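The structure under discussion appears below in the form of structure tokens.
By convention in this document, chain letters (A, B, ...) are assigned in the order of the sequence lines, proteins followed by strands, and residues within each chain are numbered from 1. All values derive from a computational prediction rather than experimental measurement.
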4 protein chains.
Amino acid sequence: MTQDLHEQMKIRRTEILAAALEVFDAHGFGHTTMDMVAAKAGIAKGSLYNYFSNKQDLFCQAFTETLSGDEADADAMIAQDRPAFEKLEWMMDRWFSRFGHFQKIGRLILEVMATAARDEQSPLSPVLQTMYAGWRQRLTMIVEQGKATGEFQDHAEPTVAASLIMGVLDGVVIQAILKVGVQVDAEFLDALKRGVLAGLTAATAPGTGGSQS
Amino acid sequence: MTQDLHEQMKIRRTEILAAALEVFDAHGFGHTTMDMVAAKAGIAKGSLYNYFSNKQDLFCQAFTETLSGDEADADAMIAQDRPAFEKLEWMMDRWFSRFGHFQKIGRLILEVMATAARDEQSPLSPVLQTMYAGWRQRLTMIVEQGKATGEFQDHAEPTVAASLIMGVLDGVVIQAILKVGVQVDAEFLDALKRGVLAGLTAATAPGTGGSQS
Amino acid sequence: MTQDLHEQMKIRRTEILAAALEVFDAHGFGHTTMDMVAAKAGIAKGSLYNYFSNKQDLFCQAFTETLSGDEADADAMIAQDRPAFEKLEWMMDRWFSRFGHFQKIGRLILEVMATAARDEQSPLSPVLQTMYAGWRQRLTMIVEQGKATGEFQDHAEPTVAASLIMGVLDGVVIQAILKVGVQVDAEFLDALKRGVLAGLTAATAPGTGGSQS
Amino acid sequence: MTQDLHEQMKIRRTEILAAALEVFDAHGFGHTTMDMVAAKAGIAKGSLYNYFSNKQDLFCQAFTETLSGDEADADAMIAQDRPAFEKLEWMMDRWFSRFGHFQKIGRLILEVMATAARDEQSPLSPVLQTMYAGWRQRLTMIVEQGKATGEFQDHAEPTVAASLIMGVLDGVVIQAILKVGVQVDAEFLDALKRGVLAGLTAATAPGTGGSQS
DNA sequence: AATGAATGAGTATTCATTCAT
DNA sequence: CATGAATGAATACTCATTCAT
């Protein structure tokens with residue numbers, strides 16, 4: 001019975017989080033009221049406080065939950081014995097396959113970023129920190145492998161390369177969210193992959209500061 | 001005399017905008033009160049409404065003003081008869097020289113993006129749209145020139161390449177703002193330039209397109 | 001239990017309306033603050049909004065409630081088989097018995113009239129319209145009966161007579177509210193009744209219609 | 001020159017009052033701003049305070065001015081040697097000829113009444129008091145004359161009769177302003193006159209309290 | 001645990017009035 | 001006298017949170 005009760009609450013909690021995510025995404029933190037969330041979740045406003053201590057907490061948990069996708073697949077892939085080249089492609093394909101979701105929660109991410117950027121004490125900060133650290137580490141490992149096997153050129157400092165790759169992915173998502181012109185489709189993805197890989201594999205990085213001629 | 005008055009008001013307006021920018025950036029739109037802005041600007045709360053019709057308007061103008069840097073230099077440079085390669089480098093150098101400012105107002109930019117992403121009717125949307133359109137056009141022109149002169153490889157679709165370049169710059173700024181590990185210094189910039197240019201000039205992008213097989 | 005709650009809220013609502021009526025009457029709509037009403041009702045300011053959506057709504061409901069006296073007695077009386085003469089007297093006696101209340105809320109009525117006169121879209125307009133329409137109809141019926149039975153002379157167009165009777169009652173209330181001299185007592189009422197009835201029963205109105213010549 | 005200046009100001013003052021009357025009537029005291037009045041009068045907001053000490057004062061003077069029509073004609077007429085009967089008719093005709101104006105400023109009058117009723121210290125109170133006192137006196141004199149000459153029956157106490165006559169006129173104006181159904185035209189006026197005169201001249205006031213049968 | 005009525009701190013905005021020019 | 005920018009008091013309304021039932 002107690003078990004049932006716990007199950008019940010767990011389910012209810014999940015329902016609330018789903019409702020909260022939807023409402024927060026649609027209206028933003030500031031314009032979302034607890035009434036809205038309660039209404040969407042189909043429970044009384046006061047009941048929310050049996051599951052979450054306050055609005056901040058609810059927002060934070062809802063965001064964390066939706067972001068913490070299963071990253072096990074990526075780790076498993078990296079552990080495999082495959083060319084760094086292929087691994088990087090796989091990562092970008094994976095990112096692309098999630099593009100729709102990113103766009104969906106992109107507004108929320110932007111808001112979270114703005115909040116985290118403003119207040120480092122925010123409970124949201126570690127969430128972003130962890131996520132970025134994880135992906136940077138994975139990308140760094142891939143680049144390192146590539147350099148070790150000679151697939152990638154030596155001019156690429158792995159952590160910097162990882163940052164750039166993450167940067168371009170973030171940047172593209174932002175342009176898509178803001179609808180400032182970019183059309184993200186298979187062709188775009190292909191160009192993106194080619195560009196990134198070309199930057200890493202280019203036989204000779206063109207001498208900066210001088211023309212090629 | 002009337003001239004003096006107009007001058008006075010123009011100066012006052014600028015002071016208010018500076019104060020507003022600072023406070024908005026520090027606390028975000030929602031947590032900034034008109035009292036705060038008035039106090040920072042050293043005038044009475046009610047006086048704000050002699051210059052701006054409401055809080056939204058004040059925010060929008062403050063943001064627009066700070067973003068609309070003089071882009072004449074970029075256009076002048078593009079018009080010159082120089083290799084695309086050099087032009088692109090110049091652009092990235094220029095971006096880097098403004099990096100400090102971007103970081104300073106980055107939190108504000110994120111908030112504006114979140115707002116614009118949520119409400120396309122927001123007066124902030126066109127500001128972002130215009131800015132992105134302008135820079136995309138400039139970058140596209142450079143890439144086109146590069147392809148025409150043979151500096152850049154043919155696999156780079158100019159508008160896509162422009163998006164990618166802008167994306168990586170945006171993404172890097174975000175990582176810097178969020179302090180998620182990247183250290184943006186001269187060395188980083190160099191790697192960034194090399195990476196971007198390598199992506200454009202690489203003789204042949206390694207066998208992408210069949211990667212999934 | 002739920003029943004109790006509903007009862008509780010009904011009672012609370014009535015208390016608020018009573019408090020609101022008092023404060024609105026004393027200070028007028030514009031000079032009454034929600035704080036005043038809340039204080040008088042003994043609840044928190046915010047709680048008012050659990051019962052009324054805004055100040056206008058509160059005002060409108062308070063006014064409507066106090067005006068919508070039970071008019072069933074008048075209708076019942078009219079339905080009886082009695083001389084029109086007696087019915088009209090009864091009506092005026094009834095009005096007189098309510099004179100104290102009219103005087104009490106008279107300032108409010110004047111303000112409502114001013115509002116309704118300025119804005120026909122005001123929710124107060126229909127309240128007045130309905131009230132006037134009801135009483136005009138009742139008076140018209142009485143005059144019609146009086147003409148049919150020969151009690152009243154034929155020169156009295158029923159709807160016009162009804163308007164005049166209502167007008168004199170309104171006018172007297174206004175003079176009483178403004179304290180511009182009239183002393184409304186039993187003697188005055190008697191004169192009023194005599195005057196009205198005389199106007200209806202007078203055998204022949206003295207040569208009006210040629211007066212201008 | 002000083003004379004000219006005085007003239008100038010007098011003219012300006014009159015213009016302001018006209019503008020104020022229009023705006024106050026259209027929007028009511030509470031919703032009229034000094035800016036509106038200044039704009040309508042074509043001068044600067046601050047200049048209003050060179051002519052009137054504050055908003056209240058401006059309102060009061062504007063209202064007083066529009067109400068204080070020339071009453072000399074009425075007094076002259078009363079002084080003539082004519083039947084009371086004719087005089088009373090003349091008075092009602094005069095009232096009717098001004099009906100349009102009453103309707104026009106009626107909303108303002110209602111608001112003034114509401115204000116005066118609420119605050120006897122209001123400078124508006126004496127304005128109304130004086131106006132009512134004047135007309136009551138004139139009507140009382142006419143009724144007294146009529147009784148003395150035998151035109152009117154003895155049952156009419158002059159001051160009470162005067163109040164009733166004024167009341168019906170006020171009441172009719174109110175109904176017209178509120179647009180609650182009455183159609184005030186020549187026919188209506190005729191009925192009104194007949195009714196009033198009948199009430200005064202009726203050979204025998206019907207025994208109150210008993211039916212005629 | 002669930003409910004939802006009660007709470008009251010928090011704030012954008014208005015506008016009569018002043019006063020330096 | 002004319003002007004209109006500056007002032008700041010005044011106030012309706014929201015909404016996260018609490019707590020009695």
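Between C:Phe59 and C:Thr32, the closest side-chain pair of non-hydrogen atoms is not below 4.5 Å. B:Lys179 places a side-chain heavy atom less than 4.5 Å from the side chain of A:Glu120. Contact check for C:Tyr51 versus C:Leu58: no side-chain heavy atoms found under the 4.5 Å cut-off. Counting only heavy atoms from C-beta outward, the side chains of D:Val112 and D:Phe29 never approach each other to under 4.5 Å. Counting only heavy atoms from C-beta outward, the side chains of A:Thr33 and A:Val23 never approach each other to under 4.5 Å. Within the 4.5 Å cutoff, the side chain of C:Leu128 has heavy atoms near those of the C:Phe63 side chain. Put simply, the side chain of B:Arg13 reaches to within 4.5 Å of the side chain of B:Glu65, judged on heavy atoms. No side-chain heavy atom of D:Ile177 sits less than 4.5 Å from a side-chain heavy atom of D:Ile109.
Computed from coordinates, the A:Lys55 NZ to F:dT14 C1' distance equals 11 Å when rounded to whole Å. One interatomic measurement links the two molecules: CD of C:Gln8 to P of F:dA20, which rounds to 15 Å at whole-angstrom precision. The distance from atom OH of D:Tyr49 to atom C1' of E:dA20 is 17 Å, rounded to the nearest whole Å. In this entry the distance linking CG of D:Leu58 with P of E:dT17 reads 10 Å, nearest Å. If you take CZ of A:Phe59 and C1' of F:dC15, they are 17 Å apart, rounded to a whole angstrom. One interatomic measurement links the two molecules: CD of A:Gln56 to P of F:dA16, which rounds to 12 Å at whole-angstrom precision.
Applying a 4.0 Å cut-off to non-hydrogen atoms, none of the residues of residues 20-37 of chain C approaches DNA chain E.
Between the side chain of D:Asp57 and the backbone N or O of D:Ser53, at least one donor-acceptor pair lies under 3.5 Å.
DNA chain E contains the following stems of three or more consecutive Watson-Crick or G-U pairs, with both distances under 3.5 Å: E:2-21 with F:2-21.
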In sequence, state the C-alpha distance, the side-chain angles, and the governing distance for B:Arg12 and B:Glu7, and then conclude on salt bridge (charged side-chain N to carboxylate O under 4.0 Å, His left out). CA-CA 8 Å; B:Arg12 188 64 67 94; B:Glu7 283 306 313; over 6 Å; no

Scoring nucleotides 1-6 of chain E by protein non-hydrogen atoms under 4.0 Å (B base, S sugar-phosphate only, - none) yields SBBBSB

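Of all non-hydrogen atoms in A:Gly30 and A:Glu111, the two that sit nearest each other are N-OE2, 4.2 Å.
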